[in-house]
Amino acid sequence: MRLYDTLTRSHVELPPPPGPIRMYFCGSTVYQRIHVGNSRPFVLGMWLRSWLRQTGYDVTLVHNITDVDDKVYAEAAKQEISSRELSERATSWFFEDTDDLGLGRPDLEPRATETIPEIVEFVRELVSRDLAYVANGDVYFRVARFPEYGQLSGARIEDMVAQETSELKEDQRDFALWKSQKPIEDAAWDSPWGRGRPGWHIECSAMAEKFLGREFEIHGGGNDLRFPHHENELAQSRSLGHPFAQVWVHNGMLELDASKMSKSLGNVVTLRNVLDVWGREALLVFHLSGFWSKPVDFSDDVMQQALARANRFRDVFRRPHEDAPADAWAGFAAALEDDFNAPAALAVMHEWRDHELLRRALGVFGLATLAEQEAAPAEVTELADRRQRARAERDFDEADRLRVEIERAGWEARDEPGGYRLVRLP
RNA sequence: GGCGCCGUGGCCGAGUGGUUAGGCAGAGGCCUGCAAAGCCUCGUACACCAGUUCGAGUCUGGUCGGCGCCUCCA
């Protein structure tokens, strides 16, 4: 399988099965309900794991939860609750919402606050090697000590100008590894540099290496994390001589009204809301419809199209099975093996009338539920039976009246040779 | 300003040198008591300009337009 690697800007071939493939995906900062855009890297990670396992790899997926951050403190203060209470509540929302995607859970979901000893140790090591320095209770990484800095984001180090300046920094491009406790911050930990809490980027280096080791195969996350987050992770780990991630995958942003969906812009639709309105299957088909690395527009219109497409798959299972050619699966697999080209894989799937094959392919994406038929309640079945008798007696007025009644109950009567089928209206 | 991505038919969206992507919506037809589902047909898609080539949506250069990152962000 080949994947597009942001670091080398090229497609790279994964080592052959059984791997192992160790994957680390950056998750969300938990201080409110996540939005649909946040679901994209989660879904991508779960699908990659699913497909790689399907093709014989031994896969471990770590998906972190950032539960200590400026946003968490600020929101907790606003709500007048402790930051711990807020982050725990938001973490349980995160679990609820992503559970409802029906894709299962990542193998490990560590939280930053549970990794403090490893983070402190990591920072201590950087300081002892002179790659970082202490300034008034803060610890900063010395960007100038890592010549490859800027490789991931493609920016030249000379072009970088820090927006947020601090007189504590030797160089304005340096970034914080540890931050001393501020009055608003109600959660803090002891460290060799005083009470404080980790900087944003160090938690991921620490968690990834804690659970996957100093070298692992895939690191994923949103395109907006390339810089500074992932650039900084890379700097922290590689400056210590750790190989760190071999392949970097960055998903494109979800756009709403032609601009990126983001909590800071406020143009947000929560994952919860999308699941409630459109259902998990339509959302997954939506995610499948666009190439993972490209930006996609999110709108009612595209969700409507995704829903219709999901129903088209569902209808295949309501018609007779037809054996697919022996090489049918190969076309599907080839699409996914080529940088996980899901839209192309979907196109192959639409050709199939083979129930077993289609169910298996849908299963890769957590969509095997489309193969299941919902049984109509007894009262609707009774209406349909009466309608059948009316049709037999050629009382078509009565038959049509009953059809309307069935539709009011949320079902559709489809006449078939020798009987009928009841199908739930979308 | 710097770095990068992108511009495909009404809509979504694959495709990187030459043969139908696929889906949604629409029109006509077959089927049906009527429908639904399905199947068939249709609308002559590649932002613009120049170039390379026997041949370009696909390569090169330029123009215009959109987006992302450079600052918290999936």
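Predicted model, so just to flag it, every value in this text is computed and none were measured. Chain letters run A, B, ... following the sequence lines, proteins first and then strands; every chain starts at 1.
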Closest to the [X] side chain: [options]?
X	options	value
A:Arg309	B:rG23, B:rA37, B:rA14	B:rG23
A:Ala399	B:rG23, B:rA74, B:rG33	B:rG33
A:Arg394	B:rG33, B:rG4, B:rA74	B:rG33
A:Glu412	B:rG33, B:rA36, B:rA37	B:rA36
A:Phe291	B:rC72, B:rA14, B:rG13	B:rA14
A:Arg40	B:rA74, B:rG15, B:rA37	B:rA74
A:Asp415	B:rC11, B:rG33, B:rA21	B:rG33
A:Arg391	B:rA74, B:rG33, B:rG22	B:rG33
A:Arg319	B:rG13, B:rG38, B:rC70	B:rG38
A:Asp69	B:rC72, B:rA74, B:rG13	B:rC72

Can you tell whether the side chains of [X] and [Y] come within less than 4.0 Å, N to carboxylate O?
X	Y	value
A:Asp100	A:Arg272	yes
A:Glu281	A:Arg314	yes
A:Glu217	A:Arg22	yes
A:Arg197	A:Asp70	yes
A:Arg401	A:Glu398	yes

Give a yes/no on whether any side-chain N or O of [X] is located under 4.0 angstrom from OP1 or OP2 of [N].
X	N	result
A:Thr29	B:rA74	yes
A:Lys294	B:rG68	no
A:Arg312	B:rC39	yes
A:Asn223	B:rC69	no
A:Arg414	B:rA37	no

Assign [X] to base, sugar-phosphate, or nothing according to its heavy-atom contacts below 4.0 angstrom with the strands shown.
X	result
A:Val296	sugar-phosphate
A:Gly252	base
A:His35	base
A:Met261	base
A:Ala413	base
A:Gly37	base
A:Glu416	nothing
A:Asp301	sugar-phosphate
A:Leu254	base

How many whole angstroms separate atom [atom1] of [X] from atom [atom2] of [N]?
X	N	atom1	atom2	result
A:Met253	B:rC5	CE	P	16 Å
A:Asn311	B:rA36	CG	C1'	13 Å
A:Gln304	B:rA25	CD	P	8 Å
A:Glu351	B:rA14	CD	C1'	13 Å
A:Arg424	B:rA37	CZ	P	17 Å
A:Trp292	B:rC6	CH2	P	13 Å
A:Phe286	B:rC11	CZ	C1'	14 Å
A:Leu336	B:rG15	CG	C1'	16 Å

Kindly indicate whether the side chain of [X] and the base of [N] share any N or O donor-acceptor pair separated by less than 3.5 Å?
X	N	value
A:Arg403	B:rC34	yes
A:Glu255	B:rC67	no
A:Arg387	B:rG33	yes
A:Asp400	B:rG33	yes

Roughly how far apart, to the nearest Å, are [N] and [M] at atom [atom1]?
N	M	atom1	value
B:rG55	B:rG23	P	34 Å
B:rU63	B:rG1	P	12 Å
B:rU52	B:rG61	C1'	11 Å
B:rU32	B:rG26	P	24 Å
B:rC5	B:rU16	C1'	16 Å
B:rG4	B:rC46	P	29 Å
B:rA25	B:rC12	P	15 Å
B:rG13	B:rU8	P	9 Å

Complementary nucleotide for [N] - Watson-Crick or wobble, under 3.5 Å:
N	result
B:rG51	B:rC59
B:rU20	none
B:rC67	B:rG4
B:rC31	none
B:rC72	none

Check your understanding: Hey, which of these two, A:His229 or A:Tyr4, hits RNA chain B nearer its 5' end, going by closest nucleotide?
Key -> A:Tyr4

**Study point:** Most 5' of A:Leu346 and A:Cys26 on RNA chain B, judged by nearest nucleotide
**Key:** A:Leu346

Review point. Do A:Phe211 and A:Tyr24 have ring centres separated by under 6.0 Å?
Key: no

Donor-acceptor pair between [X] and [Y] side chains, under 3.5 angstrom:
X	Y	answer
A:Arg111	A:Ser87	no
A:Asn232	A:His230	no
A:Trp93	A:Gln32	no
A:Asp107	A:Thr60	no

